[in-house]
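Beneath this line is the structure, given in structure tokens, with notes to follow.
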There are 2 protein chains.
Amino acid sequence: MKLQQLRFLIEVVDSGLNVTLAAERLFTSQPGVSKQIRLLEDELGMRIFERAGKRFTAVTGAGESIIRAARRVLLEAENFRNVAEELRDEDAGTLTVATTHAQARYVLPRVVAEFIRRYPRVRLSISEGDPHHVANAVQRGEADLGIATEALAKAPGLVSLPAYSWNHCVIVLPDHPLLALQPLTLKALVRFPLISYDPAFSGRTRIDDGFARAGLTPNLVLTAVDSDVIKTYVSLGLGVGIVAEMAIDPQRDSGLVALPAGHLFGANTTRIALRRGAYPRTFAMVFAELVSPALTPESLSAASRETPESYDI
Amino acid sequence: MKLQQLRFLIEVVDSGLNVTLAAERLFTSQPGVSKQIRLLEDELGMRIFERAGKRFTAVTGAGESIIRAARRVLLEAENFRNVAEELRDEDAGTLTVATTHAQARYVLPRVVAEFIRRYPRVRLSISEGDPHHVANAVQRGEADLGIATEALAKAPGLVSLPAYSWNHCVIVLPDHPLLALQPLTLKALVRFPLISYDPAFSGRTRIDDGFARAGLTPNLVLTAVDSDVIKTYVSLGLGVGIVAEMAIDPQRDSGLVALPAGHLFGANTTRIALRRGAYPRTFAMVFAELVSPALTPESLSAASRETPESYDI
DNA sequence: TCTCCTTACGAGTTGCGTAACTATA
DNA sequence: TATAGTTACGCAACTCGTAAGGAGA
């Protein structure tokens with residue numbers, strides 16, 4: 001059994017049992033991957049994949065356990081490398097943060113500014129995507145940290161810690177009739193065309209839940225990934241916007257009026273996630289601490305190692 | 001970084017930085033080990049060992065962390081193999097139990113009898129030695145289970161669970177003056193030459209503690225690893241024996257009288273240990289359960305995975 | 001001088017890529 | 001017929017063992 005065989009195995013699994021795709025991702029030849037998988041199966045004396053003719057169709061029951069164990073080995077191998085890199089030079093390396101637009105645009109800039117000041121020799125990479133992308137990137141080890149409001153808390157293979165809480169706000173043009181209706185109610189809101197986030201973004205579930213609980217159906221005329229897009233269309237008079245409060249800059253957004261909406265939708269909690277069992281680099285933990293001072297290196301390190309996944313077959 | 005390099009590294013460390021010895025234990029050539037260590041150091045960009053000329057003299061500070069991380073990788077690699085073997089055939093394989101004479105001779109026979117009845121296709125190997133040997137064998141993965149009364153509770157890298165408790169007893173010839181002195185006291189005992197276990201065996205610490213607390217100095221004329229040796233010399237009239245109660249068989253030892261001594265030395269707890277983080281085979285857990293019904297597979301599995309060692313550098 | 005690690009070199013093995021083959025949708 | 005995995009083959013790299021070299025104790 002070689003580490004490479006385990007790498008090949010996991011990549012095939014993560015490529016949806018497509019050996020050709022796995023080989024591409026591994027920058028190697030397809031027959032090579034195929035052969036190593038076969039050699040591993042032979043050595044273990046069992047089939048990991050069910051085949052229909054030559055195609056891989058499913059993972060066998062035994063294969064599921066093998067794959068879990070293989071992921072553990074690879075995780076520790078990666079931790080080994082991390083330890084070595086940390087020891088060689090604790091202030092250099094690469095940090096990849098997977099996050100959503102809202103965080104990247106409104107929360108992380110001040111964090112990143114401070115981080116690159118403190119760690120000028122760390123290559124920082126921000127990978128932007130939807131919350132499921134964030135969770136997957138961390139699960140697969142492609143990102144060291146994940147920061148998002150959705151999808152992280154329940155994702156398997158991750159540990160996530162609350163970083164900070166925030167509320168939504170409603171944005172309208174200065175002459176909008178809603179301004180006369182203080183305090184704001186859901187019932188008043190549904191009378192207007194609404195513009196907010198795509199499903200699964202930036203607390204959108206909270207917004208949906210808020211309306212659903214009140215038995216109301218909002219008229220969402222436009223959804224976007226991006227708070228700036230929402231603000232733009234609100235400025236054009238297309239509707240009433242619901243955005244995260246940190247997306248509002250009083251100076252820049254002077255043409256809009258923001259109304260607090262925390263009482264309508266409840267607070268959202270943005271979480272920071274890392275891979276369960278992973279050994280994070282020191283600078284990764286410092287990055288988390290810059291996001292939220294409550295996330296000390298100690299708490300993060302402890303969280304990543306607690307309640308390891310079981311070995312149940 | 002290859003698994004083999006990590007294996008070589010750990011074996012060198014466990015051979016007291018003697019590359020030649022490590023090579024022998026690994027059944028390979030010394031230059032091969034030497035080279036792979038060097039290659040690993042080059043890849044990591046640091047020295048793991050301090051050298052005086054060509055000799056390895058110490059582990060570097062960074063090396064300590066590297067070695068800890070390497071042990072984790074190897075442990076998971078071994079667990080991977082265990083999972084595969086378990087899946088291939090859960091009722092076959094090899095079980096190595098490291099234990100002391102007292103357990104092997106008086107406690108395990110009935111366990112082993114039942115075990116080989118239940119798992120006829122498991123090769124069972126009992127490795128006998130002193131309690132430190134037991135702890136080391138389990139730490140190094142040479143044994144799957146360790147059973148001993150001493151040394152296991154505090155050994156690093158192990159998890160140990162209490163299996164059962166027992167008391168010492170005093171054995172004398174039928175005409176011995178101690179028999180007139182009921183109940184037995186420590187003060188009475190020290191007046192006679194005593195025969196008991198070697199230090200660090202079978203609750204010997206309890207015996208020493210008992211006398212020390214009473215401010216008494218026992219006259220140990222003979223110490224042995226082996227309860228049978230003690231009984232033999234007691235039979236010859238050489239002195240008064242102090243042995244574990246399970247070493248007394250009323251039939252076979254009819255020439256001796258056994259007096260309970262739990263009130264003098266307190267109870268001893270025999271523990272069963274496995275490597276922290278190890279994934280035990282099902283039949284290993286069944287073996288433990290045969291030793292003590294309280295040690296269910298669930299409790300054992302949970303114990304081995306709890307509070308993993310930290311990654312502190 | 002003895003022990004022990006390193007260097008050098010040659011043989012055997014392994015891993016990987018290309019190309020041809022085969023089976024399924 | 002297109003897609004995807006296996007088999008075949010040859011080259012390159014690596015591992016390992018033997019033998020010789022050199023530095024401490």
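Note on naming: letters A, B, ... go to the chains in the order of the sequence lines (proteins, then strands), and numbering restarts at 1 for each one. Small disclaimer: the values here were computed from a predicted structure and weren't measured. Just so it is clear, the values below take in all heavy atoms, side chains as well, and ignore hydrogens, waters and symmetry mates.
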Please pick, from D:dC16, C:dT24, C:dC5, the nucleotide with the shortest atom-to-atom distance to any side-chain atom of A:Arg55. C:dT24
I want to verify a distance call: between C:dT22, D:dT15, C:dT18, whose nearest atom is closest to the A:Lys54 side chain? C:dT22
To the nearest angstrom, the CZ-C1' distance between A:Arg47 and D:dG5 comes to 13 Å
Which part of the nucleic acid does A:Gly32 contact within heavy-atom distance under 4.0 Å: base, sugar-phosphate only, or nothing? nothing
Between P on D:dG17 and CZ on B:Phe27, what's the gap in Å once rounded to a whole number? 12 Å
Considering non-hydrogen atoms only, spot the tightest contact between A:Val19 and A:Val33 and give its length. CG1-CG1, 3.8 Å
Separation of C:dT3 P from B:Glu24 CD (nearest whole Å): 13 Å
OP1 or OP2 of D:dT18 under 4.0 Å from side-chain N/O of B:Ser29: no
Nearest non-hydrogen partners of A:Glu142 and A:Thr96, listed with the distance: O-CG2, 3.5 Å
What is the distance from CG of A:Leu26 to C1' of C:dG17, rounded to the nearest Å? 15 Å
So what does A:Leu17 hit on the nucleic acid, given a heavy-atom distance under 4.0 Å: a base, only sugar-phosphate, or nothing? sugar-phosphate
So which of A:Glu41, A:Lys2, A:Gln5 actually passes side-chain contact (heavy atoms from CB on, under 4.5 Å) with A:Gln36? A:Gln5
So does B:Arg88 have more than 12 non-hydrogen atoms from other groups sitting under 6.0 Å from CZ? yes
Select from B:Phe56 and A:Thr28 the residue whose nearest nucleotide in DNA chain C is closer to the 5' end of that strand. B:Phe56
Which whole-number value in Å describes the distance from A:Gln36 CD to D:dT7 P? 14 Å
Euclidean distance, atom CD of residue A:Gln30 to atom C1' of D:dA4 [Å, nearest integer]: 7 Å
So, is A:Thr20 near the phosphate of D:dT3, with a side-chain N or O under 4.0 Å from OP1 or OP2? no
Could you tell me the separation between the CG atom of B:Leu6 and the CD atom of B:Gln4, rounded to the nearest 0.5 Å? 10.0 Å
Can you tell me the distance, in whole Å, between the CG atom of B:Asp42 and the P atom of C:dT7? 10 Å
Separation of atom CZ in B:Arg38 from atom P in D:dT15, rounded to whole Å: 16 Å
When A:Lys35 and A:Ala52 are each assigned the nearest nucleotide of DNA chain C, the 5'-most assignment goes to A:Lys35
Indicate the ring-plane relationship of A:Phe115 and A:Phe287, choosing parallel, tilted or perpendicular according to the 30° and 60° boundaries. perpendicular
Can you find a pair of side-chain heavy atoms, one from A:Val134 and one from A:Asn136, that are under 4.5 Å apart? no
Among residues 2-16 of chain B, which residues get a heavy atom nearer than 4.0 Å to DNA chain D? B:Lys2, B:Gln4
